[in-house]
Amino acid sequence: MKVSGLSIGYARRPVIKDLTLAPFKPGTLTALVGPNAAGKSTLLRGLAGLQRASGEIHLGDTNLLRLSLPEYSRHVGYMPQSLPQRVALTVYEAMLSALRTSQGLTSSTEARQIAMTTLERLGIADLAMRGLDELSGGQRQLASLAQAIARKPAVLLLDEPTSALDLAHQHRVMSAVQELGVERGTITIVVLHDIALACRWCERILVLSPRGLAADAAPSKAITPETLASVYGIEARVERCSRGFVQVMVDGIVCDRDF
Ligand SMILES: Nc1ncnc2c1ncn2[C@@H]1O[C@H](COP(=O)(O)OP(=O)(O)OP(=O)(O)O)[C@@H](O)[C@H]1O
């Protein structure tokens, strides 16, 4: 996927301005991080075809921005930050409904199999017959993620999919998303606030600030003391643990962000 000259905004307030990114390769997992109100959700919704955008988003030879929303959503799956409330469906029924709308699959053996396999993959098969409105916040987040994953889109956009999850589930989810992405060749972009989680699982990190893109690189290049100071206004050390993963140790708040 190639993004070039992308601009997204609301009424007269531009949020993403003329953004061009290096191509996203199939099977890769990218984190989109940055402070509150930097525009992460806006960018994700623009990439998902849900927010008016100008510029180009190419998937192969297709400029996605020229497609109708139903065509667009066949290529691109999106999990929003806030989940729908009061849905009178079981987890399993919601999965079948998602498969029906995105892939035209009815309650066939294939749809049932995809639904159950996905729930098992995320470790929530035991929730299949539970009503969505009787789940905990974390369980609802996992159920919503299962719906997005089951559609097997070429591009999967997840907006803070781990915000309601405990430590073990955060890592289980990131591991499953990474594994499935490699298996299926999915381009996955995930909004995260947890820099450690992003550095542990993602091979590429986009750091967005209200001024624009501050970094787009591998964790060790994107997450530096300089970037953390200018984008978040914090003083931090960045080191590698014995297994090579980037670790951030926050020493203080400097508050002289560059915006
Ligand atoms: N529907 C909307 N109408 C007008 N402005 C909006 C709308 N949604 C978001 N904004 C504004 O766009 C800017 C970016 O918001 P966005 O939700 O994309 O940030 P974010 O980086 O995802 O933040 P957070 O980490 O807090 O979720 C903010 O200034 C916000 O107030």
Side-chain angles (χ1 to χ4, degrees), residues 1 3-21 24 29-55 57 64-65 69 72-73 76-85 137-138 140-142 144-145 148 155-165 169-170 173-174 177 187-202 204-217 219 222-224 227-234 236 248 250 253-259:
M1 180 171 71
V3 172
S4 38
L6 189 68
S7 297
I8 313 167
Y10 304 95
R12 266 177 253 139
R13 176 204 282 242
V15 176
I16 303 296
K17 289 157 244 163
D18 197 20
L19 179 70
T20 295
L21 299 169
F24 292 88
L29 178 53
T30 301
L32 174 55
V33 306
N36 293 127
K40 303 178 297 297
S41 295
T42 302
L43 174 55
L44 221 61
R45 282 201 300 271
L47 293 174
L50 299 171
Q51 192 78 44
R52 188 187 293 271
S54 61
I57 307 172
L64 293 176
L65 293 179
L69 193 54
Y72 202 122
S73 57
V76 182
Y78 168 71
M79 175 187 168
Q81 189 176 352
S82 45
L83 307 176
Q85 302 282 336
R140 282 199 306 127
Q141 199 166 44
L142 289 165
S144 175
L145 178 64
V155 180
L156 181 61
L157 306 170
L158 307 172
D159 198 345
E160 296 193 38
T162 59
S163 60
L165 303 183
H169 275 107
Q170 290 172 28
V173 158
M174 291 303 291
V177 165
I187 292 164
T188 308
I189 305 174
V190 51
V191 173
L192 292 172
H193 276 299
D194 186 333
I195 304 277
L197 198 63
C199 290
R200 169 67 184 80
W201 292 105
C202 301
R204 176 175 172 187
I205 302 198
L206 306 176
V207 184
L208 194 63
S209 94
R211 281 176 180 261
L213 194 66
D216 173 5
I223 303 301
T224 63
T227 310
L228 294 170
S230 67
V231 171
Y232 289 97
I234 58 159
V248 174
V250 177
I253 299 162
V254 292
C255 276
D256 60 347
R257 301 197 287 196
D258 67 359
F259 55 88

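Predicted, not measured: the structure shown is a model, and the values here were computed from it. As the structure lists them, so they are numbered: ligands from 1, and atoms in each ligand from 1.
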For [atom], what's the nearest protein heavy-atom neighbour? Residue, atom name and distance, please.
atom                    : result
atom 23 (O) of ligand 1 : A37 N, 2.9 Å
atom 26 (O) of ligand 1 : N36 ND2, 2.9 Å
atom 10 (N) of ligand 1 : Y10 CE1, 3.4 Å
atom 30 (C) of ligand 1 : R13 NH1, 4.2 Å

Could you list which atoms of ligand 1 come closer than 4.0 Å to a heavy atom of [X]?
X    : result
H193 : 25 (O)
Q81  : 27 (O)
K40  : 18 (O), 19 (O), 20 (P), 21 (O), 22 (O), 23 (O), 24 (P), 25 (O)
S41  : 17 (O), 18 (O), 20 (P), 22 (O)
E160 : 27 (O)
P35  : 21 (O)

Sub-3.5 Å donor-acceptor pair from the side chain of [X] to the main-chain atoms of [Y], do we have one?
X   : Y    : result
Y78 : L156 : no
Q81 : D159 : no
S4  : T20  : no
Y72 : L47  : yes
K40 : G34  : yes

**Item:** Distance-only polar pair, side chains of Q51 and T42, donor-acceptor under 3.5 Å
**Value:** no

**Message:** For L208, run the side-chain contact (heavy atoms from CB on, under 4.5 Å) check against V33, V231, I16, D216 and tell me which one passes.
**Reply:** I16

**Request:** For a side-chain contact (heavy atoms from CB on, under 4.5 Å) with T162, tell me which candidate from L145, V173, V190, V177 qualifies.
**Result:** V173

**Asked** Where does T42 meet ligand 1, judged by heavy-atom distances below 4.0 Å: at the side chain, the backbone, both, or neither?
**Response** both

**Complete:** Nearest heavy-atom contact between V207 and A222 is CG2-O, 4.1 Å

**Message:** Using a plain distance cutoff, I'd like to know if G39 has any nitrogen or oxygen under 3.5 Å from a nitrogen or oxygen of ligand 1.
**Reply:** yes

**Message:** With a cutoff of 4.0 Å, is P210 in contact with ligand 1, counting heavy atoms of the residue only?
**Reply:** no

**Message:** I'd like to know if A38 contacts ligand 1, where contact means a heavy-atom distance under 4.0 Å to any ligand atom.
**Reply:** yes

